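First the structure, in the form of structure tokens, and then the observations on it.
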Amino acid sequence: MQRTKIADLLRTEPTGTTVLVKGWVRAFRNNQFIALNDGSTANNLQVVVDFEQTNPELIQRIKFGAAIGARGELVESQGKGQRIELKVEHLEIYGDCNPEEYPLQPKKQTLEFLREQAHLRFRTNTFGAVFRIRHALAFAIHRFFNEQGFVYLHTPIITASDAEGAGEMFRVTTLDPANPPKTEGGAVDFSQDFFGKAANLTVSGQLEAELGAMALGSVYTFGPTFRAENSNTTRHLAEFWMIEPEVAFADLNDNMDLAENMLRYVISYALEHCMDDLKILEERLIEEEKSKPQDQRSEMTLTEKLRFVTESHFERLTYTEAIDILRNSNPNKKGKFQYPIEAWGADLQSEHERYLVEKHFKKPVILTDYPAAIKAFYMRLNDGTEPGKETVRAMDILFPGIGEIVGGSQREERYDVLVSKMEAMHIPTEEMYWYLDTRRFGSCPHAGFGLGFERLILFVTGMTNIRDVIAFPRYPGSAEF
RNA sequence: GCCUCAUUAGCUCAGUUGGUUAGAGCGGCGGACUGUUAAUCCGUAGGUCCAAGGUUCAAGUCCUUGAUGAGGCGCCA
């Protein structure tokens, strides 16, 4: 007999037909009622055992976490908590689960404890919900770009260019670390390494994506990205997934529209397809908020917050306008900022971004036209700015509770301007010939951005630590599993 | 990398000014009950108080160093 998934069963009517289900025991109450979960949905199927007609040794083995199969009639439930249930005719245990040794328990366990049990945490309601939503968001992103006529470009994970300047890199090598070949000068001789030169894990697929966009028109990447930064925060990982669209013949406004539409599209998709999982996470947050003082509780529930974002337009303003708002803000005047806003040109700190998003505008904010000095070399220099106050066509999308979720820009398409900026920022132009070639041959205005996938999941799930929205997090000092 | 806080039973946590034999809830185990919904009721076992040093008549409690975890900051997505 073919097994039926619980997600499908819960959508059907209790017809009295015989079905076979397989899953894991989430609860066994009263020697009769098994709450069975097979991962297809957050919801359990109630499986009713006739304990007087069942071998006591078999009953004894129905423990929290055990894998079982149950065949029986699907009937209307006599109890109140559920519409339908399965009346067992035949029960089979596939895998026992010894409760004395099993780390998970049928009760609340902290996220920190479950992080140490990351190989088992999928089995909890919370992480089941998180990873089903993560899947749905990944699917929605591909669907969005496909509908928009984008080509999914697989940019390399191993790169030999270390000129991108996006962060510290992980070295990829096959040289013997104890005894590497040396040059005459005593340095490690990477010309003898696997690739004939030093290689690293990618910190961004953007530069390669630009190459694709200059022929395919609209491309996006969606893959793992690596940063060897010693970052210890709730929003950074050493290995994370990034989505990087790149569009030819697009300017910064097109870019902002694309990012905003994409975010609204994928959040709407989650609201349409993941409501059971979102409700579980929403309940979790409501429980958690109860232990907080009144003034720190959020005004909106998780789903209200998501709906709010899908329905509101993001506030767009320039860096210069943001500085004015911050300079005249109450916390700045009262000296509440740890880093007071003084002169134009300073980079904004987390506290400033949070003030703009969470206090001033109370919705997602897009900041544009940052000072050229604090942004990357490939961003397009704005025309007609005062000397010393040059800005670039950059944009950052800031989300409440997360901070920067998207960073993007219109790219510098003018060969001469790009070369002089690279020279000023000490980026070796010879090594980057392939990138510069796009500007030498058929260059055009183009723009793109990077979206941190895990940061998006943080926002949609309401989780607060990025290590809880990726299956097996990598961060300083940790590469378990 | 910097700052702050934490580490006590399987889990979540109490443990007063340094003072006798370190407690609770949940979970586990044994039993009762049998239409339960975090089931309920009765009983029961379970501890290298993170580690190493130190102060003291006496340390879970104070000090030093280290490890691990959490939160914040920086770097960013």
Side-chain angles (χ1 to χ4, degrees), chain A residues 26-35 43-44 46-52 59-60 63-65 75-82 85 87 97-117 125 165-168 203-206 221-244 259 283 287 291 337-339 347-354 374-376 396-399 402-408 449-459 464-470 475-478 480:
Chain A
R26 283 292 179 81
F28 185 36
R29 287 184 285 267
N30 228 354
N31 267 351
Q32 290 181 90
F33 304 103
I34 302 169
N43 301 311
N44 301 327
Q46 174 148 293
V47 172
V48 187
V49 182
D50 185 347
F51 72 99
E52 282 170 335
I59 297 268
Q60 190 59 27
K63 298 286 190 190
F64 178 72
V75 296
E76 202 173 319
S77 178
Q78 294 170 40
K80 278 183 183 160
Q82 56 285 315
E85 64 189 21
K87 230 175 128 180
C97 190
N98 182 352
E100 284 180 275
E101 290 173 15
Y102 191 42
L104 301 189
Q105 296 175 2
K107 56 172 273 189
K108 261 212 179 75
Q109 290 181 296
T110 59
L111 296 175
E112 291 78 30
F113 174 74
L114 292 170
R115 208 171 292 150
E116 291 170 4
Q117 311 289 334
N125 286 336
E168 291 296 311
V203 293
S204 163
Q206 181 204 312
T221 74
F222 188 165
T225 310
F226 308 88
R227 304 267 167 96
E229 305 281 353
N230 190 11
S231 296
N232 295 289
T233 79
T234 53
R235 341 177 268 292
H236 291 86
L237 289 164
E239 175 181 292
F240 64 101
W241 289 66
M242 189 151 65
I243 295 103
E244 294 176 288
E283 290 301 317
E287 276 302 308
S291 62
F337 283 142
Q338 196 187 338
Y339 298 92
D347 211 346
L348 298 180
Q349 309 290 320
S350 295
E351 58 180 347
H352 306 135
E353 296 180 348
R354 268 209 312 278
I374 59 172
K375 286 290 182 183
D396 283 358
I397 303 184
L398 311 176
F399 262 37
I402 315 289
E404 188 177 342
I405 194 166
V406 163
F449 63 83
L451 167 74
F453 187 45
E454 283 77 15
R455 290 190 181 174
L456 172 67
I457 303 169
L458 277 181
F459 182 74
T464 50
N465 192 319
I466 202 163
R467 297 166 187 183
D468 293 332
V469 297
I470 187 165
Y475 49 93
S478 180
E480 190 66 43

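Each chain gets a letter, A, B and so on, in the order its sequence line appears, and its residues count up from 1. Bear in mind the structure is a predicted one, so any value in this text is a computation, not a measurement.
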Mark yes or no for whether A:E454, through its side chain, and A:W241, through its backbone, hold a donor-acceptor pair below 3.5 Å.
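Yes.
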Check: A:R227 side chain, A:V203 main-chain N or O, donor-acceptor pair, under 3.5 Å:
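Present.
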Taking atom [atom1] in both [N] and [M], what distance in whole Å separates the two?
| N | M | atom1 | result |
| --- | --- | --- | --- |
| B:C13 | B:A70 | C1' | 16 Å |
| B:U68 | B:G54 | P | 24 Å |
| B:C26 | B:U40 | C1' | 15 Å |
| B:G25 | B:A9 | C1' | 12 Å |
| B:G15 | B:A6 | P | 12 Å |
| B:G46 | B:G23 | P | 13 Å |
| B:C29 | B:G10 | P | 15 Å |
| B:U61 | B:U55 | C1' | 14 Å |

May I ask you to say what [X] touches in the nucleic acid, namely base, sugar-phosphate or nothing, with a heavy-atom cut-off under 4.0 Å?
| X | result |
| --- | --- |
| A:E351 | nothing |
| A:T225 | nothing |
| A:F113 | sugar-phosphate |
| A:G450 | sugar-phosphate |

From the options [options], select the nucleotide whose nearest atom is closest to the side chain of [X].
| X | options | result |
| --- | --- | --- |
| A:L237 | B:A77, B:G72, B:G74 | B:A77 |
| A:F51 | B:G35, B:U34, B:C73 | B:U34 |
| A:R115 | B:U34, B:A70, B:C73 | B:A70 |

Is any N or O donor-acceptor pair between the side chain of A:E85 and the base of B:G35 shorter than 3.5 Å?
yes
Parallel, tilted or perpendicular: which fits the ring planes of A:F459 and A:F399, with parallel below 30° and perpendicular above 60°?
perpendicular
Using whole Å, what does the distance between atom P of nucleotide B:C33 and atom CD1 of A:I59 come to?
15 Å
Report all interatomic pairs (protein N or O, nucleotide N or O of nucleotides 25-29 of chain B) with separations under 3.5 Å.
unit_1 : atom_1 : unit_2 : atom_2 : d
B:G25  : N2     : A:K107 : NZ     : 3.3
B:C26  : O2     : A:K107 : NZ     : 3.1
B:C29  : OP1    : A:K63  : NZ     : 3.2

Think A:T110 has a side-chain N or O under 4.0 angstrom from the OP1 or OP2 of B:U12?
yes
For RNA chain B, what are the stems built from at least three Watson-Crick or G-U pairs in a row, each pair having both distances below 3.5 Å?
B:1-7 with B:67-73, B:10-13 with B:23-26, B:28-32 with B:40-44, B:50-54 with B:62-66
Return the CG to CD distance between A:D50 and A:Q32, rounded to the nearest 0.5 Å.
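The CD atom of A:Q32 is 8.0 Å from CG of A:D50, to the nearest 0.5 Å.
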